[in-house]
Asks: 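Shown below is the structure under consideration.
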Number of protein chains: 2
Amino acid sequence: MDPAVTEPVRSRRAARTRAVTGDDREQAILATAERLLAVKPLAEISIDELAKGAGISRPTFYFYFASKELVLLALLDRVVGEARARRDDALDRLAEGPERMWRAAVGAFCATFAEHRAVTSASAVALHTNGEVRAVWSRVMEGFVADTAKAIEAERRRGAAPDGVPARDLAISLNWMVERVLVSTYGGQEPAVPEDRLLDTLLAVFLGAIYRS
Amino acid sequence: MDPAVTEPVRSRRAARTRAVTGDDREQAILATAERLLAVKPLAEISIDELAKGAGISRPTFYFYFASKELVLLALLDRVVGEARARRDDALDRLAEGPERMWRAAVGAFCATFAEHRAVTSASAVALHTNGEVRAVWSRVMEGFVADTAKAIEAERRRGAAPDGVPARDLAISLNWMVERVLVSTYGGQEPAVPEDRLLDTLLAVFLGAIYRS
DNA sequence: GCAAGTATTCGACATAGTGTCGAGTTAAGT
DNA sequence: ACTTAACTCGACACTATGTCGAATACTTGC
């Protein structure tokens, strides 16, 4: 994902001339948002709260962000970069054996989600509410799906995995499963897989779906 | 799910005395909601719209439902009953062979979701917004999960399926997968599995996860 | 067939949140 | 010092929610 697409998060403002203040405020808004998201969903956070938390008035908030969803998006951008890096790292581990690789790949997603659960959970929800969050999330998922499908096809070519339903369809289902299960576990929604069995369970489904004829 | 739990949807009003009018209005609200949900999400439907659509004023709406989420819930209740009936039907098909049974069980979910996509998609979204929808959805999922887990354990006992991760964890993951994949496909969210390959794909994951050692 | 009670209806109000406009202040660059 | 641009906020307009109380309509017991 090129950053350009999610860049126009900030309302206007060009290169920072004034030493700090502007960026400080922006960071203060982001920090406030992250803090509040750990406690309650985005829908229950008013712009006034974000502004107050950053020590500015409500109209001033709009100087920095056009909506609270865009604040979330800025937060999400950070996290996405991290997830991407970890995943790329995992995909290089095919040499260590397929199970190792899949564990690393699924684990990358799980770990990122867990470490930033406030932001990721809120995003998974905002997805249904906000078009821009939906677009970002779709692009992230698309990346994971494409890589997963490629890995499945590679395993099929080398004869390790049997043919079956289209690799891409399988990849889509598996990746959405990961997303949904993580949301239920970390969002406190029942029924949920206990956190400590998360990775083993998801991995079992991956391996079964990919390697069983 | 005992109906009693989701019964107090209506604000008050006891047994209908006045021949029809009251129930008619209530049905009109439900019909309006279902019609609008086919076009836009619940969040974009105002109570005023629902009231106008049913030919009443906004305050009068509150006589019938305490919130628009409760209207959705009433709609969902109908659908849940249908899904439950179909699923029960499917689980009796073990005699026809495991693949047949699983196809029927997953298909029951898919078919219900597809036939009432406006209501089910809206509910899957409201789940993240509304506590009561969340509770109903959780109970429905819990039912599916329990039955799925029981079926997996039965297959394991008769030696058809190998042991592995706890059956319940597997059941949770698989059922959330179905939910999430259906929402993406019917909610027009990318990436999505094309509608006509939905059942085959989900079934492949089920069989792989359950029967692969 | 009417008095009493209950079901139903809505106008009017109170409240909360969003987004915008325009007039201000502050700081940098020249 | 003066211009320009960054930044700030008071005040307004708008939309939606939810509630209260008074009015109307139907039903039932008498």
Side-chain angles (χ1 to χ4, degrees), chain A residues 7-30 32-33 36-37 40-74 122 126 129-133, chain B residues 7-30 32-33 36-37 40-74 122 126 129-133:
Chain A
E7 188 62 32
V9 150
R10 189 185 300 160
S11 308
R12 22 188 163 138
R13 189 149 60 94
R16 70 203 53 76
T17 43
R18 185 186 232 174
V20 280
T21 339
D23 263 5
D24 283 355
R25 291 274 145 85
E26 190 168 324
Q27 291 306 316
I29 293 173
L30 290 173
T32 304
L36 291 175
L37 280 174
K40 53 182 170 181
L42 189 64
E44 284 170 30
I45 300 174
S46 74
I47 289 178
D48 203 37
E49 272 181 295
L50 292 177
K52 288 265 168 54
I56 55 178
S57 71
R58 199 170 56 77
T60 300
F61 168 92
Y62 288 100
F63 180 80
Y64 293 99
F65 296 95
S67 71
K68 59 187 180 183
E69 282 79 14
L70 290 179
V71 175
L72 177 60
L73 215 51
T129 314
N130 182 271
E132 318 184 69
V133 174
Chain B
E7 189 62 30
V9 148
R10 188 183 301 160
S11 307
R12 20 185 166 142
R13 189 150 59 93
R16 69 202 55 75
T17 42
R18 182 186 235 175
V20 279
T21 338
D23 263 5
D24 282 355
R25 291 274 145 86
E26 191 168 323
Q27 291 306 315
I29 293 173
L30 291 173
T32 303
L36 291 174
L37 281 174
K40 53 183 171 181
L42 189 64
E44 285 170 30
I45 299 174
S46 73
I47 288 177
D48 202 37
E49 272 181 294
L50 293 176
K52 289 265 169 55
I56 55 178
S57 71
R58 199 169 55 77
T60 300
F61 168 91
Y62 288 101
F63 180 79
Y64 293 99
F65 296 95
S67 70
K68 59 187 180 183
E69 281 79 15
L70 289 179
V71 175
L72 176 60
L73 215 50
T129 314
N130 183 270
E132 316 183 70
V133 174

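Quick caveat: nothing in here was measured; it's all calculated off a predicted structure. Numbers restart at 1 for each chain; the letters A, B, ... are given by sequence-line order, proteins then strands.
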Asks: For the base of D:dG18, is there a side-chain donor-acceptor partner from B:Arg58 under 3.5 Å away?
Replies: yes

Asks: Would you say a side-chain N or O of A:Lys68 is under 4.0 Å from OP1 or OP2 of C:dT18?
Replies: yes

Asks: Could you give the CG-to-C1' distance, from B:Leu42 to D:dA16, as a whole number of Å?
Replies: 14 Å

Asks: I want to verify a distance call: between D:dG18, D:dC9, C:dG11, whose nearest atom is closest to the B:Pro59 side chain?
Replies: C:dG11

Asks: Among the nucleotides C:dC10, C:dT18, D:dG18, which one has an atom lying closest to any side-chain atom of B:Tyr62?
Replies: D:dG18

Asks: Check whether any side-chain heavy atom of A:Ile47 lies under 4.5 Å from a side-chain heavy atom of A:Tyr62, and answer yes or no.
Replies: yes

Asks: Give a yes/no on whether any side-chain N or O of A:Tyr64 is located under 4.0 angstrom from OP1 or OP2 of D:dT8.
Replies: yes

Asks: Would you mind reporting whether A:Leu50 and A:Tyr64 have side-chain heavy atoms less than 4.5 Å apart?
Replies: no

Asks: Send over the distance from A:Asp48 CG to C:dA16 P, rounded to a whole Å.
Replies: 12 Å

Asks: Rounding to a whole Å, what distance do you find between B:Ile56:CD1 and C:dG11:P?
Replies: 12 Å

Asks: Between P on D:dT8 and CG on A:Asp24, what's the gap in Å once rounded to a whole number?
Replies: 10 Å

Asks: Output the rounded distance in Å from CD (B:Glu44) to P (D:dA16).
Replies: 11 Å

Asks: Counting heavy atoms not belonging to A:Lys52, are there more than 12 under 6.0 Å from its NZ?
Replies: no

Asks: In Å and rounded to the nearest 0.5 Å, what is the CD1 to CZ distance from B:Ile29 to B:Phe63?
Replies: 10.5 Å

Asks: Could you tell me the separation between the NZ atom of A:Lys52 and the C1' atom of D:dC9, rounded to a whole number of Å?
Replies: 12 Å

Asks: Send over the distance from B:Phe65 CZ to D:dG18 P, rounded to a whole Å.
Replies: 14 Å

Asks: Rounded to the nearest angstrom, tell me the gap between atom CD1 in A:Ile45 and atom C1' in C:dA16.
Replies: 17 Å

Asks: May I ask you to say what A:Ser46 touches in the nucleic acid, namely base, sugar-phosphate or nothing, with a heavy-atom cut-off under 4.0 Å?
Replies: sugar-phosphate

Asks: Choose from C:dT9, D:dT8, D:dT17 the nucleotide whose nearest atom is closest to any side-chain atom of A:Arg25.
Replies: D:dT8

Asks: Taking the side chain of B:Thr60 as its heavy atoms from C-beta onward, which of C:dT9, C:dT18, D:dG10 lies nearest to it?
Replies: C:dT9

Asks: Has B:Gln27 got a side-chain atom pairing as donor or acceptor with B:Asp24's backbone, closer than 3.5 angstrom?
Replies: no

Asks: Which of the following nucleotides, D:dG18, D:dA11, C:dT9, is nearest to the side chain of B:Phe63?
Replies: C:dT9

